[in-house]
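Notes to accompany the following structure.
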Amino acid sequence: MACGSSGGCSGCSSASSCGSAQQTPPDLTAKLNDLSSVKHVIGVVSGKGGVGKSLVTSLLAITMARRGFKVGILDGDITGPSIPKVFGINGKAHVDELGMYPIQSKGGIDVMSVNLLLENESDPVLWRGPIVGNVVKQFYTDVIWKDLDYLFVDMPPGTGDVAITVFQSLSLDGIVVVTSPQDLVSMIVEKAVKMAEFMQIPIIGVVENFSYFHCPDNGKDYKIFGDSHIDDVLERYNLLLLGRLPIDPNVAALCDAGKLEDIEQTNLESVELPQ
């Protein structure tokens, strides 16, 4: 309710507590460690779990590393961390008074994940949302990311409080949205897109996973999950399709063996990211 002052809010002793005063929303962006140097932070998101977000994060990192960029991965999927597994990383992260240090993969990609801090990597992480969100922030602020061109953030799935905390806290240069062909998933992608637009985060593009299966026996492609519905979403929101990833048992085998960096083609070779 207005106070009736003809002079407006300026100079009023009650302006800070008055509901009529226009207040600037607080800046919740977290600050990188003083010893860190990161040029671009790219979030990889999905509207739901199970669409291969961690795989796409890993393939993007491998793609950019092969182009000669220095790359890191922040595994923000705290309750379902899988990044160390696909890169064959089994050690424990070093921590000292300066901060935490990521572990480097065979191909030179810096990785930080909660699995690198747990006593046993199979231990469940039974934390509530606010704690999970704060851990992701700590991996951004307390880890020493040295001289990175790209830091890829494997975001928590969904559009709940953890994802909102990460969106607000990390200085993201853009996001890549991961989806699969089903109509239901495409609907959920729209939620992620609208959330990013609401929070004014640029959308770099969309990757469709499980797009098809290429049969090695007859050379034909089969749409296991049916016809894709992502084109409608792309057109509606003027988004770029970055790639369609097939269902490939060989990729699954490489992930299980911790040798994803040995993949011949990532199917994301044409992706262009901010430079």
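- A donor-acceptor distance shorter than 3.5 angstrom exists from the side chain of R67 to the backbone of E269, with no hydrogens or angles considered.
- Inspection of the D96 and Y101 side chains reveals an N or O donor paired with an N or O acceptor under 3.5 Å.
- Checking S54 against D154 by side-chain atom types alone, a donor-acceptor pair falls below 3.5 Å.
- A donor-acceptor contact shorter than 3.5 Å links the side chain of D149 to the backbone of K70.
- Between the side chain of K146 and the backbone N or O of L35, no donor-acceptor pair lies under 3.5 Å.
- A donor-acceptor pair is defined here as one N or O able to donate and one able to accept, closer than 3.5 Å; such a pair exists between the side chain of D173 and the backbone of V41.
- Side-chain atoms of Q168 and T29 form no donor-acceptor pair, as typed in the model, at a separation below 3.5 Å.
- Looking only at distances, a side-chain donor or acceptor of T57 sits under 3.5 Å from a matching main-chain atom of K53.
- In this structure, the side chain of K137 does not engage the main chain of S169 through any donor-acceptor pair within 3.5 Å.
- For the pairing with H40, the ring pair (Phe, Tyr, Trp, His ring centres under 6.0 Å) check across F152, W145, Y150 returns one residue only, Y150.
- Within the 3.5 Å criterion, the main-chain N or O of F87 finds no donor-acceptor partner in the side chain of S58.
- For the residue pair E208 and S211, a side-chain donor N or O sits within less than 3.5 Å of a side-chain acceptor on the partner.
- Smallest separation of non-hydrogen atoms from V45 and M155: CG1-CG, 3.5 Å.
- In this structure, the side chain of D75 does not engage the main chain of N115 through any donor-acceptor pair within 3.5 Å.
- In this structure, the side chain of N209 engages the main chain of V51 through a donor-acceptor pair within 3.5 Å.
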